[in-house]
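Take a look at the structure set out below.
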Amino acid sequence: MNITRINDEYVNAVKFLKAYVLENNLELNVRSDQIEKMREEFKSQYGPSELAALDDDSLLSFMFYTTGDNTNALCCWLEMNKECKDYFGSISGGSAYKFGLFQKKENGVWMTGSPQKPQELSESEALSLGKNIRDALVKGAHIIENTVLDSLEAYETLHDNLAAGIGEQYCNWSWIHKYFSVLFCDRLSSFHSTDWQIHVLRALKIRPSDKYYARSGQIAMVQKHLNWYYGQFFEAFYEKFGGPRQFVRIGTSDGVKNYAAQWAKRGVIAMGWAKLGNLTEYTKGDSIDRKAIQNQLKERYYQSNERLASRKAGEIVLYYKCESNTVFVVMDGERLIALADNVGAYYFNGDHGDENMPHQRTASWKFVFESDAKMPEKSEGKLTSCYQLKNKENLLFLYERYYYGEDFGNPFHGEEIQKEDVPKEKAVCFHTGYQSSFERNRIIFGAPGTGKSFTLNREAKELLGEENENDYERVTFHPDYSYANFVGTYKPVPCKDSNGNEIITYAYVPGPFMRVYVKALKNSREKNIKPFLLIIEEMNRANAAAVFGDIFQLLDRNEENISEYPIQASEEMKKYLCEELGGTPDDYLKLRIPDHMFLWATMNSADQGVFPMDTAFKRRWDFTYLGIDDNDEKIRGKYVYLAEDQSQKVEWNKLRKAINHFLAKEKINEDKQLGPYFISKNIVVPDEGDEIDRDRFIRTFKNKVIMYLFEDAARQKRSKLFEGCFQNSSRFSEICREFEAKGIGIFHHDIQVDTEPEEVQTQSGKTE
């Protein structure tokens with residue numbers, strides 16, 4: 001492989017390590033001839049051909065831990081042989097379950113599974129599994145030997161081929177990777193731990209692959225061009241970079257004061273929640289009792305928010321359990337302040353000056369960020385006090401700053417940062433003076449198909465402008481919709497850890513109300529004030545009073561169209577608004593709806609029994625009723641041919657009015673009747689001419705109109721409404737079948753007459 005064929009990041013890693021060894025006069029003590037000698041001995045004893053030749057009697061004892069002497073067993077040799085560990089990396093630690101198969105010393109039972117889910121095997125089952133593992137080793141070695149490995153892409157293909165050829169499970173076992181790395185030490189590295197692989201690559205400023213064998217190959221490419229074996233590479237690398245690091249965000253503000261300067265001066269990092277007392281009181285052996293901390297947080301800080309208490313307990317436990325490999329990323333909101341390493345043990349310091357942040361650890365501060373620096377994914381860990389960073393781009397960035405960053409020096413000069421030291425944003429304004437003829441809070445209601453959403457859409461364009469997609473949101477209420485969905489709350493949020501695995505964390509997630517609210521407040525600072533709109537479809541399909549919660553108090557607007565009665569913002573709301581709008585949480589103690597924020601809703605009056613609205617809620621809205629025949633201009637005169645022989649020329653508008661007239665005579669309220677657009681406008685208003693597409697109309701009429709009448713509006717009047725079906729009016733499928741054959745002949749005689757063309761009605765004496 002020619003070095004010019006690998007990417008610049010690999011070339012740079014090679015140059016850096018060579019220069020580091022020369023500049024520091026490092027002596028790489030591992031001898032290549034010793035490594036080669038051991039590798040040849042290994043191949044002669046444990047190579048693929050030797051494994052393939054094993055008979056059933058010797059296979060298990062030759063490869064796995066048994067009750068006998070294991071000195072020369074393959075698994076024992078890979079794990080315990082000192083020279084093998086020095087030359088080809090360690091797989092020590094954990095239990096024998098990591099080998100997939102072993103025999104218990106105490107009773108001779110063969111075991112597989114895991115410590116959490118152990119599984120006993122018979123002798124024959126153990127032999128069968130042992131053969132499968134042996135075959136995976138032999139086949140995997142053959143795949144590696146016959147693959148050209150000269151690029152990252154080639155190594156990623158190798159990983160995929162191994163996963164397909166020997167199975168994903170075996171492919172990811174570290175001891176199997178070590179077996180292959182001994183056989184092919186020029187092609188694979190001897191870093192068998194995922195954490196170590198990722199650490200090595202990030203420290204060398206190489207973006208790690210998501211695939212295990214590809215990462216091994218990335219390191220192997222660097223080793224090959226250094227002409228170093230693993231032992232030599234490890235000596236130089238560890239001297240410079242040490243072991244794997246975890247980067248943990250630590251917040252520096254309690255919403256009133258920023259403590260970064262104070263901590264930097266004293267060489268500590270810290271956390272609040274002083275009422276918890278010393279965290280060592282919550283320890284049990286080597287662990288800490290998260291549940292006990294959560295209960296204390298709920299009792300002393302978050303009485304009405306158990307989920308928040310749980311999330312904060314997790315952050316406190318993470319802080320307490322951080323070890324010397326932790327690098328704290330010191331932050332204020334999204335702003336990066338410093339990195340802090342050489343972390344000392346936890347201690348509690350409640351003395352004067354530390355009473356607000358008493359949970360402390362010593363640390364060495366490194367000021368490697370510019371004054372306005374932010375991470376590539378700047379919102380990761382937002383609004384957390386302690387959070388392990390997992391975003392791959394952020395970790396690459398932090399590794400580069402930690403190991404290579406320039407020291408900009410302590411910017412605080414011994415002075416504590418107060419919030420007023422941070423540049424202030426212009427204050428938000430609730431009274432912008434915006435004028436509009438439209439009501440701020442309005443509900444359009446009416447029967448199904450009366451054009452409620454159509455009317456709102458048309459008027460929204462008048463309010464916001466024809467092409468404006470940015471200044472409004474639309475949400476549809478449903479029975480499970482809640483305050484948390486509408487306004488916002490802390491929620492579990494999926495993300496990926498450093499290995500690309502899906503994990504769950506918690507973050508404040510704003511709902512549509514809060515998103516539009518923030519947009520309106522941001523605009524209130526600008527010269528060009530414009531309206532912002534939240535559209536709520538199907539308002540009464542949810543318990544509206546519960547969904548709005550205390551926000552409903554804000555719907556009372558004064559003469560200036562601002563909320564007359566502000567409400568107290570929750571702690572999470574204040575922090576969220578502070579992050580979005582700047583300033584301090586104390587700037588957002590009270591919530592008010594500004595005069596240029598509009599809330600419009602639709603309500604199907606046929607559904608008003610689902611979640612009735614109380615009078616107090618209703619009086620805060622302006623109601624506009626759309627009558628059953630409003631907006632029917634565009635469907636007048638539109639007709640379709642029905643019945644098997646297409647002999648019936650039927651106008652949709654006349655048919656629905658005839659059905660409505662019948663329903664009205666049967667004492668069925670108007671809100672259960674059919675609006676002009678109960679059938680979609682794109683069906684009943686043809687692109688050209690007046691004739692409606694017959695097939696589309698019949699299909700929609702059966703599935704929508706007949707279904708609605710049968711199941712809802714005329715449920716108690718089926719036999720009378722569908723009297724043209726004779727004995728089949730109680731079966732929906734039969735009514736649909738007869739509609740295809742008879743058209744409007746399925747309906748009551750009065751509906752048929754009312755639907756006839758006017759000239760036919762005149763001849764029959766219906767009209768004059």
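For clarity, every value in this text was computed on a predicted model and none was experimentally measured. Sequence positions, counted from 1, serve as the residue numbers for this chain.
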All pairs passing ring-ring contact (aromatic ring centres under 6.0 Å, His included) where residues 509-529 contributes a residue, at least two apart = F486-F513, F513-Y517
Does any donor atom in the side chain of T476 or E538 lie under 3.5 Å from an acceptor atom in the other side chain?
-> no
Listed by chain and number, what are the salt bridge (Lys or Arg N to Asp or Glu O under 4.0 Å) partners of E377, not counting sequence neighbours?
-> none
Student check: side-chain heavy atoms of V518 and P510 closer than 4.5 Å | no
Non-neighbouring partners of Y434 that pass ring-ring contact (aromatic ring centres under 6.0 Å, His included), sequence neighbours left out = none
Tell me, please, which residues at least two apart from R557 pass salt bridge (Lys or Arg N to Asp or Glu O under 4.0 Å).
-> none
Does CD belonging to Q568 count more than 12 external heavy atoms closer than 6.0 Å?
-> yes
Results of salt bridge (Lys or Arg N to Asp or Glu O under 4.0 Å) for K275 - residues two or more places apart only = none
Check: Y399 ring centre within less than 6.0 Å of F247 ring centre | yes
Look at atom NZ of K704 and say whether more than 12 heavy atoms of other residues, nucleotides or ligands are closer to it than 6.0 Å.
-> yes
Sequence neighbours excluded, which residues qualify as ring-ring contact (aromatic ring centres under 6.0 Å, His included) partners of F678?
-> Y708
Any donor-acceptor N/O pair, N660 side chain to L674 backbone, under 3.5 Å = yes
Residues at least two apart in sequence or cross-chain that pass side chain to side chain contact (heavy atoms under 4.5 Å, CB included) with D289, listed by chain then number, are K284, K291, A292
Who are the ring-ring contact (aromatic ring centres under 6.0 Å, His included) partners of F438, not counting sequence neighbours?
-> W600
Residues which pass side chain to side chain contact (heavy atoms under 4.5 Å, CB included) with A601, listed by chain and number, not counting sequence neighbours | I443, I536, M539
Under the salt bridge (Lys or Arg N to Asp or Glu O under 4.0 Å) rule, collect the residues that match up with E306, sequence neighbours excluded.
-> K298
Output all residues satisfying side chain to side chain donor-acceptor pair (under 3.5 Å) with E462, sequence neighbours left out; order by chain, then residue number.
-> none
Are D587 and K574 close enough for a salt bridge, meaning some N to O gap below 4.0 Å?
-> no
Is NZ or CZ of R592 both nearer than 6.0 Å to the six-membered ring centre of F430 and within 45° of the ring axis?
-> yes
What about Y319 and H359, are their ring centers closer than 6.0 Å?
-> no
Sequence neighbours left out, what passes side chain to side chain donor-acceptor pair (under 3.5 Å) with E711? Give chain and number order.
-> R715
Kindly say whether the aromatic ring centers of Y483 and F548 come within a distance under 6.0 Å.
-> no
